[in-house]
Amino acid sequence: MTELLLRGRILTFHDEPLHGEASAETFTYLEDGGLLIRDGKIVAIDDYAKLRAGEGRNVEIIDHHPYLIMPGFIDCHIHYPQMQVVGSYAGALMEWLDRYTFVEEQKFSNQGHPERIASAFFDELIRHGTTTAAAYCSVHKASVQAFFTEAHRRNMRMVAGKVMMDRNAPPGLLDTPQSGYDDSKALIEEWHGKGRQLYAITPRFAPTSSPEQLEMSGALVREFPDMHVQTHLCENTAEIAFVAELFPWSRDYTQVYEHYGLLGPKTLLGHCIHLSDAEVSTIANSGSIAVFCPTSNLFIGSGLFDLARLRASHVRNAIATDIGGGTSYSMLRTLDEGYKILNIQGQRYHPLRSFYQVTLGNARALSLEDSIGSFVPGTEADCVVLDARATPAMRIRMETVETLVEELMLMQTIGDDRAIAEVYVAGVPAKSILVN
Ligand code: GUN
Ligand code: ZN
């Protein structure tokens, strides 16, 4: 059995570096490191010389010096049917949804369209160093089939689900409480746990689901308690006012999801910008995850995610692109915009923390830290290889960089897909083999 030994500078986290450089115990950094991979899993991480000495002839060595090898990036909220929505000129959320997004997603009932977009989507994730995503498909079952078929073919670990929506959208985008339930259940049975695929129960958001549909979504959660749940929460003030109209009995937006049994430690709540104190404590008590989507929040003009407030209340958090409200597939660009959103609120976001977040932090948010997000032996060998000198602007800036932390900061501030030198999916090169 051939083993693969990657050589390079290696960075991986064991825990959140809450105190920046003073948190040295939270990460491993090897100047001349080795990562030994067999059958798609990490076997060992150590100094290269030590691993090399212990290995026989049957090891293939790939030397990535002077690049930095990290666990593959994880994106905790992205809409694959929105590749052709990115950069649509609109005002706020509801206009953006009605004028562009709901129009575009209807195309997923067209023959061949889901397959074509799914293929382009995974190419784009790989190009940007993202090896796992929590993704929304469209309302159409075929969109989920195309998504998982392509993810499975590429052996990428994905979390995804069929959007359920039965009101307040064009007829071509509506299911019913019963068909949403039946389709989701059939997809769970076909895909959940097949290879690296995981299913997420996906009611789009309260405005597009009737009480009956939210009831059925809760029934799915009770039937399949291991499943992820993903939805949107408190992204925009008009959205919140609409939810208050639709669910007048509810104290607030969050209580709608709580009422139907949709909150819990595997629930990903996209945005969480405009929350009352009561909502923050409901989310914290449920163990649900608030997902920060910086480029989307800026582009759609939704507001500023208050990470410090959520953390002070022990709300778990994650970070994501939210393509196509978001404007970049790159977790580096996402970190950059996240940094700015926090900085403008007087909050610090140390680069060690941000790189922790897009790897182990997001893996923990997905409860997948035993499989991905670090280089712990036994976990899946998804890796990203980062080149801090990928562009002329990066090269000239690197001349003044002296530390790892400065290099990380540089990559997240001016890096993009060009800084992704290679990607490994379960130990197999995935970026260098892309055709265009
Ligand atoms: N809320 C409901 N659907 C969506 C969506 O597709 N994108 C964003 N950003 N917010 C939403
Ligand atoms: Zn979204």
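It should be emphasised that the depicted structure is a prediction, and the values quoted were computed from it without experimental measurement. Whatever order the structure lists them in is the order used to number ligands and atoms, beginning at 1.
Two rings, from Phe122 and Phe147, have their centers less than 6.0 Å apart.
Distance from atom 10 (N) of ligand 1 to its nearest protein heavy atom, with residue and atom name: Glu235 OE1, 2.7 Å. If you check which protein heavy atom lies closest to atom 3 (N) of ligand 1, you get Arg204 NE, 2.8 Å. The protein non-hydrogen atom at the shortest distance from atom 7 (N) of ligand 1 is Trp96 CZ3, 3.4 Å.
Salt bridge status for Lys41 with Glu380: absent, with no side-chain N to carboxylate O gap under 4.0 Å. A salt bridge links Arg418 with Asp416; the closest basic N to acidic carboxylate O contact falls under 4.0 Å. Taking the charged nitrogens against the carboxylate oxygens, Arg311 and Asp306 have no contact shorter than 4.0 Å, which rules out a salt bridge. Salt bridge Arg9/Glu407: present, at least one basic N to carboxylate O contact under 4.0 Å. Between Asp417 and Lys431, no side-chain nitrogen of the basic residue sits less than 4.0 Å from a carboxylate oxygen of the acidic one, so the salt-bridge criterion is not met. Looking at Glu104 and Arg99, no side-chain N of the basic residue comes within less than 4.0 Å of a carboxylate O on the acidic one, giving no salt bridge.
Near Leu93, with a cut-off below 4.0 Å to any heavy atom, the atoms of ligand 1 are 8 (C), 10 (N), 11 (C). Atoms of ligand 1 found under 4.0 Å from any heavy atom of His79 (numbered from 1 in listed order, with element): 5 (C), 6 (O), 7 (N). Listed by atom number, the atoms of ligand 1 under 4.0 Å from Leu97 heavy atoms are 3 (N), 4 (C), 5 (C), 6 (O). Heavy-atom proximity to Asp322, at under 4.0 Å, picks out these atoms of ligand 1: 8 (C), 9 (N).
Using a non-hydrogen distance threshold of 4.0 Å, Tyr136 does not register as a contact of ligand 1.
For residues 263-310, the pairs satisfying ring-ring contact (aromatic ring centres under 6.0 Å, His included) are His77-His271, His232-His271, Phe292-Phe305, with sequence neighbours left out.
Contacts between Glu239 and ligand 1, counted as non-hydrogen atom pairs separated by less than 4.0 Å, are absent for every part of the residue. At a heavy-atom cutoff of 4.0 Å, ligand 1 is contacted by no atom of Thr208, backbone or side chain.
Take Lys340 and apply the side-chain hydrogen bond (donor to acceptor under 3.5 Å, both in side chains) test, not counting sequence neighbours, and it matches Asp336, Glu337. Take Arg395 and apply the side-chain hydrogen bond (donor to acceptor under 3.5 Å, both in side chains) test, not counting sequence neighbours, and it matches no residue.
Inspection of the Glu223 and Tyr181 side chains reveals an N or O donor paired with an N or O acceptor under 3.5 Å.
Here 4 is the count of protein N, O or S atoms positioned under 2.8 Å from the Zn ion (ligand 2), waters not counted.
By the 3.5 Å distance cut-off applied to N or O atoms, Gln82 is counted among the residues near ligand 1.
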